[in-house]
Amino acid sequence: MGSRGIGSDIVFDTLEKLSSSIFINREVLRPDYIPDYLPHRQEEIRRLTEVLAPALRGERPSNIFIYGLTGTGKTAVVKYVLRKLQEYSRSKGLGSLYYAYVNCRQEDTTYRILTDLVLALGGRVPFTGLSTAEVFSRFKSVLERSGNLLIAVLDEVDFLVKKRGDELLYRLTRVNSELKRGKVSLVGITNDVRFMETLDPRVRSSLGEIEMVFSPYNADQLRDILAERASLAFKPSALSDGVIDYCASVAAREHGDARRALDLLRVSGEIAEREGKEVVTVEDVRRARDEIERDMVVDVVKTLPYHGKLVLLVIALAGGSFESTGDLYMKYRELARGLGAEPVTQRRVSDILSELDMLGIVTAKVINRGRYGKTRKVVLNVEPKALIKVFSNDPRISWVFKNSRDR
DNA sequence: CATCCACAGGAAGATCTGGTAG
DNA sequence: CTACCAGATCTTCCTGTGGATG
């Protein structure tokens with residue numbers, strides 16, 4: 001701990017603090033980690049394996065449609081089973097099993113989804129510049145040439161259909177009859193209950209050959225999951241009594257979302273660790289909740305288009321809610337003009353509100369006020385103050401606050 | 001019990017950016 | 001280089017609608 005080499009002292013001290021106190025392996029708490037054991041999902045794993053098993057013989061498994069709320073283990077189970085199938089296939093010398101996992105919320109265009117499917121088959125596609133039809137025909141030719149079976153997992157398919165329609169799904173279900181050699185099996189995952197009803201009947205019957213439903217975890221089950229994962233992630237006795245129970249009960253209240261629970265646990269640990277403590281307390285979990293919310297807000301705001309930010313700001317400045325989109329739009333116009341920007345149309349603001357709603361930062365529910373028309377009631381899901389704080393770091397907006405302070 | 005409000009939200013397309021193919 | 005493509009953002013124009021009220 002000498003005071004020579006000022007820089008390295010800071011580095012060493014920081015590393016010293018980070019290296020030990022709480023975690024053995026925090027990666028196992030990350031949302032994309034697939035554990036070797038999934039508590040309370042054995043039945044689902046067995047069933048999915050049965051359905052996909054024909055793939056090992058090169059036969060096409062039935063298309064599967066999986067429904068369940070967020071954090072009920074749909075993605076984990078599917079990835080788990082596919083990984084195991086691949087391991088099994090290799091160990092028995094049955095050759096490679098081709099599958100593609102695509103999250104349709106992240107890859108939200110037909111083009112990108114097709115690109116991922118081609119990639120999974122070992123083909124190559126530029127990430128932009130071609131027509132979608134061209135990518136689709138490349139997909140088919142790669143399939144045909146190799147004669148392989150591709151299991152295409154489309155996670156959060158409802159986003160694809162909502163944004164682009166069911167054209168792609170329809171065409172994918174048709175591929176099998178168009179090709180002589182290649183085959184495609186679809187695994188659709190969604191958390192939207194009424195998704196199936198919105199589909200074209202042809203697609204519905206084809207995609208829903210087999211259906212599976214994942215029910216939410218209750219608090220006891222969440223506790224098992226957390227305990228299992230915590231034993232891998234944390235040092236023994238790094239968690240004080242009640243931490244796991246508290247995380248489980250928070251997540252159980254939010255419709256049994258295991259991802260939320262694990263996130264909460266990880267962030268709680270990180271908070272305790274940052275402060276050099278050796279034990280995570282319930283208080284740390286409470287602070288983790290706030291921190292997760294803050295991060296969500298910062299992320300959302302960062303990716304929003306300029307007028308999206310203004311709409312959000314208007315809601316925050318109004319104390320977090322509006323009774324109608326008409327009121328909101330008037331206030332928004334004032335703000336935009338005040339900032340020297342040309343306001344966008346009300347139609348566009350309506351779409352922006354839908355986006356904010358989907359991102360979860362706002363709830364925009366359609367209500368009918370009878371004679372007084374139909375509108376959306378908008379409620380901010382986070383603290384207005386927290387939002388305004390984020391905006392005061394945005395150079396295109398923050399000067400408004402500074403100016404109003406000067407005057 | 002028909003009317004009619006205040007919008008929702010679909011459809012088509014304009015404009016811009018940033019890319020590919022040949 | 002030209003011709004073309006998709007995505008993001010936004011506009012214009014539009015049809016549809018639940019339920020309080022007259």
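Sequence lines set the chain letters: A, B, ... in the order given, protein chains first and strands last, and positions in each chain run from 1.
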*Mind checking whether His307(A) and Tyr332(A) have parallel, tilted or perpendicular rings, split at 30° and 60°?*
perpendicular
*Output the single nucleotide from dA8(C), dA8(B), dC7(B) whose closest atom is nearest the side chain of Ser324(A).*
dC7(B)
_Residues which pass salt bridge (Lys or Arg N to Asp or Glu O under 4.0 Å) with Lys163(A), listed by chain and number, not counting sequence neighbours_ = Asp108(A)
*Can you run down the salt bridge (Lys or Arg N to Asp or Glu O under 4.0 Å) pairs that involve residues 315-325 of chain A, sequence neighbours left out, and say none if there aren't any?*
Glu323(A)-Lys377(A)
_Test: salt bridge (Lys or Arg N to Asp or Glu O under 4.0 Å). Region: residues 360-374 of chain A. Which pairs qualify, not counting sequence neighbours?_
none
*Rounded interatomic separation in angstrom, taking CG from Leu114(A) and P from dG7(C)*: 10 Å
_Applying side chain to side chain contact (heavy atoms under 4.5 Å, CB included), can you list everything that pairs with Val51(A), at least two apart in sequence or on another chain?_
Ile64(A), Ile210(A)
*Take atom CD of Glu355(A) and atom P of dA8(C), then tell me their distance rounded to the nearest Å.*
10 Å
_Pairwise salt bridge (Lys or Arg N to Asp or Glu O under 4.0 Å) hits with a residue in residues 178-191 of chain A, at least two apart_ = Lys140(A)-Glu178(A)
_Can you build the contact string for nucleotides 14-22 of chain B? Use B for base contact, S for sugar-phosphate-only contact, and - for no protein heavy atom under 4.0 Å._
----BBSS-
_Non-neighbouring partners of Phe195(A) that pass ring-ring contact (aromatic ring centres under 6.0 Å, His included), sequence neighbours left out_ = Phe65(A)
*salt bridge (Lys or Arg N to Asp or Glu O under 4.0 Å): which pairs involve residues 332-354 of chain A, sequence neighbours left out?*
Arg347(A)-Asp351(A), Arg348(A)-Glu355(A)
*Nucleotide by nucleotide, 5' to 3', does protein get under 4.0 Å of the base (B), only the sugar-phosphate (S), or neither (-) in nucleotides 10-20 of chain C, counting heavy atoms?*
BBBB--BBBBB
*Starting at CD of Glu107(A) and ending at P of dA6(C), how long is that distance when rounded to a whole Å?*
17 Å
*Partner residues of Glu211(A) under the salt bridge (Lys or Arg N to Asp or Glu O under 4.0 Å) criterion, sequence neighbours left out*: none
*Please state how far atom CD1 in Ile367(A) lies from atom P in dA6(B), giving the value in whole angstrom units.*
13 Å
_Quick check on dC7(B): is either OP1 or OP2 less than 4.0 Å from any side-chain nitrogen or oxygen of Thr325(A)?_
no
*Rounded to whole angstroms, how far apart are NZ on Lys377(A) and P on dA8(B)?*
15 Å
*Enter the inter-axis angle for the ends of the helix from dC1(B)-dG22(C) to dG22(B)-dC1(C) (five pairs per end, rounded to 10°).*
20°
_salt_bridge(Arg274(A), Glu270(A)) N-O dist < 4.0 Å_ = no
*Once you round it to whole Å, what is the distance between C1' of dC7(B) and NZ of Lys365(A)?*
17 Å
*asked:* Does anything in residues 77-117 of chain A form a ring pair (Phe, Tyr, Trp, His ring centres under 6.0 Å)? List the pairs, not counting sequence neighbours.
replied: none
